[in-house]
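Everything below concerns the one structure shown next.
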Amino acid sequence: MSSPEVAVGYATSRRGVPAPASFRRWVEAALKGARRRKATEVSIRIVDADEGRALNLQYRGRDYATNVLSFPADLPPGLKLPLIGDLVICAPVVAREAAEQGKKPADHWAHLTIHGTLHLLGYDHTEEAEAEAMESLETRVLAGLGIADPYLA
């Protein structure tokens, strides 16, 4: 597997936000865990609460900022590009959740990046069986990075 192309844009303060190399490592770990061997491109945008809220309202009908939004690429038929989609991660929500859940901020960033990347690959958690499979994969990928199971209380 070649290293993924990961473009990271910061639309908010970079304070407390991981560097692009970390996001690249986490995306690569998710791709490896999902056994994706094809060339892959992902775009990640780090946003503030206002933009996170606006996007969540526009695309999900929910009027609050959420931690990660995944936008799978919707390419026209016949167009073969390695782009799998875009992630939007809301920095203040990640920081707040990490503090509330007693997690290291970097571990929470890693989890949400992996979670979002798996969504881009078609994983979902709307049904119980899907959720169990996705959470199991996330847990294995995170363990490979030395990060504890985020679903343990």
Side-chain angles (χ1 to χ4, degrees), residues 3-31 33-34 36 40-75 81-128 130-153:
S3 293
E5 290 291 325
V6 180
V8 182
Y10 297 87
T12 188
S13 169
R14 290 184 64 166
R15 186 177 194 170
V17 178
S22 295
F23 289 106
R24 197 170 302 109
R25 188 173 80 247
W26 299 329
V27 168
E28 189 168 6
L31 297 171
R36 180 175 172 96
T40 304
E41 292 180 9
V42 176
S43 174
I44 300 173
R45 180 173 172 85
I46 309 303
V47 301
D48 62 16
D50 289 340
E51 186 172 348
R53 178 180 177 196
L55 290 168
N56 200 27
L57 180 60
Q58 180 178 354
Y59 291 100
R60 296 179 65 225
R62 298 182 181 174
D63 193 14
Y64 58 88
T66 191
N67 50 26
V68 62
L69 292 167
S70 302
F71 298 95
D74 187 17
L75 301 173
L81 294 176
L83 179 67
I84 61 170
D86 305 322
L87 299 178
V88 174
I89 305 176
C90 186
V93 172
V94 175
R96 186 192 75 229
E97 288 177 347
E100 289 172 355
Q101 298 169 19
K103 296 176 181 174
K104 293 178 188 172
D107 290 356
H108 198 45
W109 279 100
H111 177 219
L112 294 174
T113 303
I114 290 164
H115 181 88
T117 301
L118 293 177
H119 274 305
L120 296 179
L121 293 173
Y123 288 83
D124 207 349
H125 48 79
T126 53
E127 295 182 17
E128 189 173 338
E130 291 175 329
E132 288 175 9
M134 186 172 179
E135 289 174 12
S136 175
L137 178 53
E138 287 173 33
T139 301
R140 284 194 313 273
V141 170
L142 289 165
L145 295 169
I147 298 172
D149 183 344
Y151 296 105
L152 292 178

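Keep in mind the model is a prediction, meaning the values are calculated, not measured. Heavy atoms only: backbone and side chains are in, while hydrogens, waters and symmetry mates are out.
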Where do I44 and V27 land on the side chain to side chain contact (heavy atoms under 4.5 Å, CB included) test, with the steps shown first?
CA-CA 10 Å; I44 300 173; V27 168; 4.1 Å; yes
Run the side chain to side chain contact (heavy atoms under 4.5 Å, CB included) check on V17 and W109 step by step: do they pass?
CA-CA 8 Å; V17 178; W109 279 100; 3.9 Å; yes
Any donor-acceptor pair under 3.5 Å linking the side chain of N56 with the backbone of Y64?
yes
Output, in order, the C-alpha distance, side-chain angles, deciding distance and verdict of side chain to side chain contact (heavy atoms under 4.5 Å, CB included) for Y123 and L137.
CA-CA 10 Å; Y123 288 83; L137 178 53; 3.6 Å; yes
For H119, check side chain to side chain donor-acceptor pair (under 3.5 Å) against everything at least two apart and list the hits.
H115, H125
Rounding to 0.5 Å, atoms CG (D124) and CG (L118) come to a distance of 11.0 Å
Can you name the closest pair of heavy atoms from F23 and P18 and give their distance?
CE1-O, 3.3 Å
Would you please say whether a donor-acceptor pair under 3.5 Å links the side chains of E138 and Y151?
yes
If you take all heavy atoms of P105 and A98, which pair is closest and at what distance?
CA-CB, 3.9 Å
Side chain to side chain donor-acceptor pair (under 3.5 Å) against E5, all qualifying residues, sequence neighbours excluded:
none
Of all heavy-atom pairs linking L87 and S70, the shortest is CD2-OG, 3.4 Å
Taking atom CD of E132 and atom CD of E130, what is their separation to the nearest 0.5 Å?
11.0 Å
Heavy atoms from other residues, nucleotides or ligands near CD of E100 exceed 12 (cutoff 6.0 Å)
yes
Which heavy atom of G33 sits nearest to which heavy atom of V141, and what is that distance?
CA-CG2, 3.8 Å
Pairwise distance NE2(H111) to CG(L145) - rounded to 0.5 angstrom
12.0 Å
About how many Å separate CD1 of I46 and OH of Y10, when rounded to the nearest 0.5 Å?
6.0 Å
Got a second to check how far L120's CG is from T40's OG1, nearest 0.5 Å?
10.0 Å
Does the side chain of R62 come under 3.5 Å of the side chain of T66 through a donor N or O and an acceptor N or O?
no
Where the side chain of T117 meets the backbone of T113, is there a donor-acceptor pair that is under 3.5 Å apart?
yes
Taking C-beta and beyond as the side chain, do D63 and L57 meet within less than 4.5 Å on heavy atoms?
yes
Looking only at heavy atoms, which two atoms of C90 and A65 are closest? And how far apart?
SG-CB, 4.0 Å
Which distance, rounded to the nearest 0.5 Å, do you find between the OG of S43 and the CD1 of I84?
11.0 Å
Note: E51 and D48 closest approach over all heavy atoms is N-OD1, 2.9 Å
P150 vs K103 side-chain heavy atoms within contact, under 4.5 Å:
yes
L81 and E41, any side-chain heavy atoms less than 4.5 Å apart:
no
